There are 2 protein chains.
Amino acid sequence: MLKYQQIADEIEQYIEERGLQQGHKLPVLEEWIARFDASKSTLTKALELLERKGVIFQVRGSGIFVRRHKRKGYISLTSNQGFKKDLEGFKLSSKVLELDVRKPTREAASNLNLTVEDDVYYVKRVRYIYEQTLCLEESYFNKSIVTYLNREIVEESVFEYVKGGLGLKVGFSDQYMHVDKLNAEEAGHLGLQKGDPKFVMESIFYLTNGQPFDFSKVTYNYVQSQFFIQAGG
Amino acid sequence: MLKYQQIADEIEQYIEERGLQQGHKLPVLEEWIARFDASKSTLTKALELLERKGVIFQVRGSGIFVRRHKRKGYISLTSNQGFKKDLEGFKLSSKVLELDVRKPTREAASNLNLTVEDDVYYVKRVRYIYEQTLCLEESYFNKSIVTYLNREIVEESVFEYVKGGLGLKVGFSDQYMHVDKLNAEEAGHLGLQKGDPKFVMESIFYLTNGQPFDFSKVTYNYVQSQFFIQAGG
DNA sequence: CTAATAAATTATACCGGTACAATTATCAGA
DNA sequence: TCTGATAATTGTACCGGTATAATTTATTAG
C-alpha cells in the first residue's frame with residue numbers, strides 16, 4: 001500500500017476514534033510529519049486526499065480542521081465504486097432478473113465503443129434496502145474485457161470480481177443523471193405507480209487505460225433517492 | 001495567478017484549439033516541462049488538476065490522454081460555482097420573486113450555524129433557460145457575512161458579488177439531493193402539474209475558513225434536470 | 001484599554017532530485 | 001510468424017529544500 005494512502009487512512013481513523021466534530025482543529029503539519037516519519041510532500045498529498053474525500057479542510061496560516069456532513073443514509077456520488085460503502089450497516093440485497101451473453105443495444109454499444117455485433121454480458125437486477133426496493137439496474141459489460149460472469153458473482157459485487165478475480169484496474173467513470181416518470185414495467189419492479197418520479201443514472205466505467213468496460217443504467221426508487229457530494233474549492 | 005493553474009489552462013486550451021478527441025495522446029511530461037520552463041512537480045500538479053476536472057487521464061508507462069464526455073447541456077455537479085459555465089451559450093435569465101432581510105427558518109438556521117434570531121438575506125427566484133423554467137431557488141445568506149444585497153446583484157450572480165465586491169473567498173460546499181413530487185405552489189412557478197417529479201438540491205456553501213454563509217434549496221424542472229459527474233480513480 | 005504594527009505560526013507554491021512501477025518497443029530464438 | 005525475455009519509455013512515489021501568502025499571536029503606541 002502506498003505510504004500517503006496509509007497515512008490518510010490513519011489520520012481518518014484518528015478522527016473517527018476521537019469522534020471529532022466539524023471545525024475541530026487537528027495537529028499541525030509538522031507534527032504529522034514527525035509522527036509518521038515522512039516527508040512534507042507525502043503528508044501534503046495525504047491531506048489533499050482527505051480534503052477531496054471531504055474529511056478535512058485546510059486553512060493556510062491557520063491549520064487543519066475536521067469536516068463532517070450531518071445527514072446519514074445519503075449515497076455519495078464522488079466515491080465511484082457503487083454505494084456499498086455509504087450504505088454500510090444498511091441491510092442490502094439484490095435479486096437477479098436476467099443474466100446472459102447477447103448483442104448490445106445501439107445505445108450500449110455506442111457507450112462501450114463497440115458495434116452491435118460484439119458480445120456483451122447483460123445483467124438486470126433489482127436491489128433492496130431493508131426489504132424495500134432501492135433501484136432497478138441494467139448493466140452491459142464488454143465481454144472481451146469481462147470474459148466471464150455467473151449468477152453468484154452478480155448477486156454479490158461485480159466490481160470486486162473485476163478487480164480481484166480478473167485483476168483489472170478500474171480507472172474513472174462518467175455519470176449522467178436525469179429525472180423522469182416511471183413507465184409501467186419499471187413501476188412494477190420497484191413497487192410504485194406508473195407516472196411516479198424516477199431518478200435515472202447512466203454510468204460508463206473505464207479501466208485505467210481508458211477502455212470502457214461497463215455501461216449501466218440505474219433507475220432509483222424516488223423515495224430512497226438521496227445523494228450527496230462534498231465539493232472542494 | 002498561480003503557475004500550475006496557468007499551465008493547466010494553457011493545456012486545456014491546447015486541447016480545445018485542436019479539437020482533440022477522447023483517447024488522443026498528448027505530448028509527454030518532459031515536453032510540457034520544457035515548453036513551460038517549470039519543474040516536474042508543478043507540471044504534475046497542473047495535470048492532476050486537469051485529471052480531476054475530467055479533461056485528461058494519465059496512464060503510467062504510457063502517456064497523457066484526452067478525456068471527453070459526449071453529451072452536451074448537462075450541468076456539472078463537481079464544479080461547484082453554479083451552472084453558469086456548463087450552460088454557457090444557453091440563454092439564461094432569472095426573475096426575482098422575493099428579496100428581504102428576515103429571520104431564518106429553523107432548517108436554514110441549523111445549516112448556517114445560526115439561531116432563528118439572527119438575520120439572513122432571503123432570496124427567492126425562478127431561473128429560465130430559453131424561455132422555459134429551469135428551477136425555483138430559495139437562498140439564505142448569513143447577513144453578518146454577506147452584509148448587503150440588492151435586486152441588481154441578485155438578478156446577476158450573487159457569487160460573483162461575494163467574491164468580487166465583498167472580497168470573500170469561497171472554499172467548499174455540501175450538496176444534498178433527492179427526488180419527490182411537486183406541490184401546487186412549486187408546480188405553479190415551474191409551469192408544471194402538481195404531482196410531477198421534482199429534483200431538489202440543497203447546498204451549503206462555506207468560506208475557505210469553514211464558515212457557512214449560504215444555504216440554498218433549488219427545485220429543478222424535471223424536464224431540464226440533466227446532470228453529470230466525471231469521477232476519478 | 002484600544003488600535004495599529006510587528007512577529008511568529010502555518011499551510012502552500014515551486015524547485016529539482018532518486019527510485020520505482022507500468023506500459024510499450026525491441027530483439028533473440030524457435 | 002510467434003513467443004518470451006530484455007530494454008526503453010513514461011508517469012508516479014517519495015525525499016527535502018527555499019520562498020511566500022494567509023492567519024494568528026504578541027508587541028507597541030496612544
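No experiment lies behind these values; they were computed from the predicted model shown. Here is how names work: the chains are called A, B, and so on, in the same order as the sequence lines, proteins then strands, and each is numbered from 1.
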Does R151(B), at its CZ atom, have more than 12 non-hydrogen atoms belonging to other residues, nucleotides or ligands within less than 6.0 Å? yes
F227(A)-Y220(A) aromatic ring centre distance below 6.0 Å: yes
Output one line per pair: protein atom, nucleotide atom from nucleotides 9-12 of chain D, and distance, for all N/O pairs under 3.5 Å.
unit_1: dT10(D); atom_1: O2; unit_2: G61(B); atom_2: N; d: 3.2
unit_1: dG11(D); atom_1: OP2; unit_2: L29(B); atom_2: N; d: 2.9
unit_1: dG11(D); atom_1: N2; unit_2: R60(B); atom_2: NH1; d: 2.6
unit_1: dT12(D); atom_1: OP2; unit_2: Q58(B); atom_2: OE1; d: 2.9
unit_1: dT12(D); atom_1: OP2; unit_2: Q58(B); atom_2: NE2; d: 3.4

Can a donor-acceptor pair be found, under 3.5 Å and without considering hydrogens, that links the side chain of E137(B) to the backbone of S216(B)? no
Cation-pi, Y176(B) ring and R71(A) (6.0 angstrom, 45 degrees): yes
What is the distance, to the nearest angstrom, from the CG atom on D37(A) to the C1' atom on dC14(D)? 12 Å
For residues 16-38 of chain A, pull every pair meeting salt bridge (charged side-chain N to carboxylate O under 4.0 Å, His left out), keeping only residues two or more places apart or in separate chains. E16(A)-R68(A)
Going 5' to 3' along DNA chain C, which are the first and last nucleotides with any atom under 4.0 Å from a heavy atom of chain B? dA13(C) to dT24(C)
Any carboxylate oxygen within less than 4.0 angstrom of a Lys/Arg side-chain nitrogen, looking at K103(B) and D119(B)? yes
Which is more 5' along DNA chain C, the nucleotide nearest N209(A) or the one nearest T42(B)? Just name the residue. T42(B)
In a check of ring-ring contact (aromatic ring centres under 6.0 Å, His included) between F205(B) and each of F159(B), F172(B), F215(B), which one passes? F159(B)
Salt bridge flag under 4.0 Å for residues D174(A) and K70(B): no
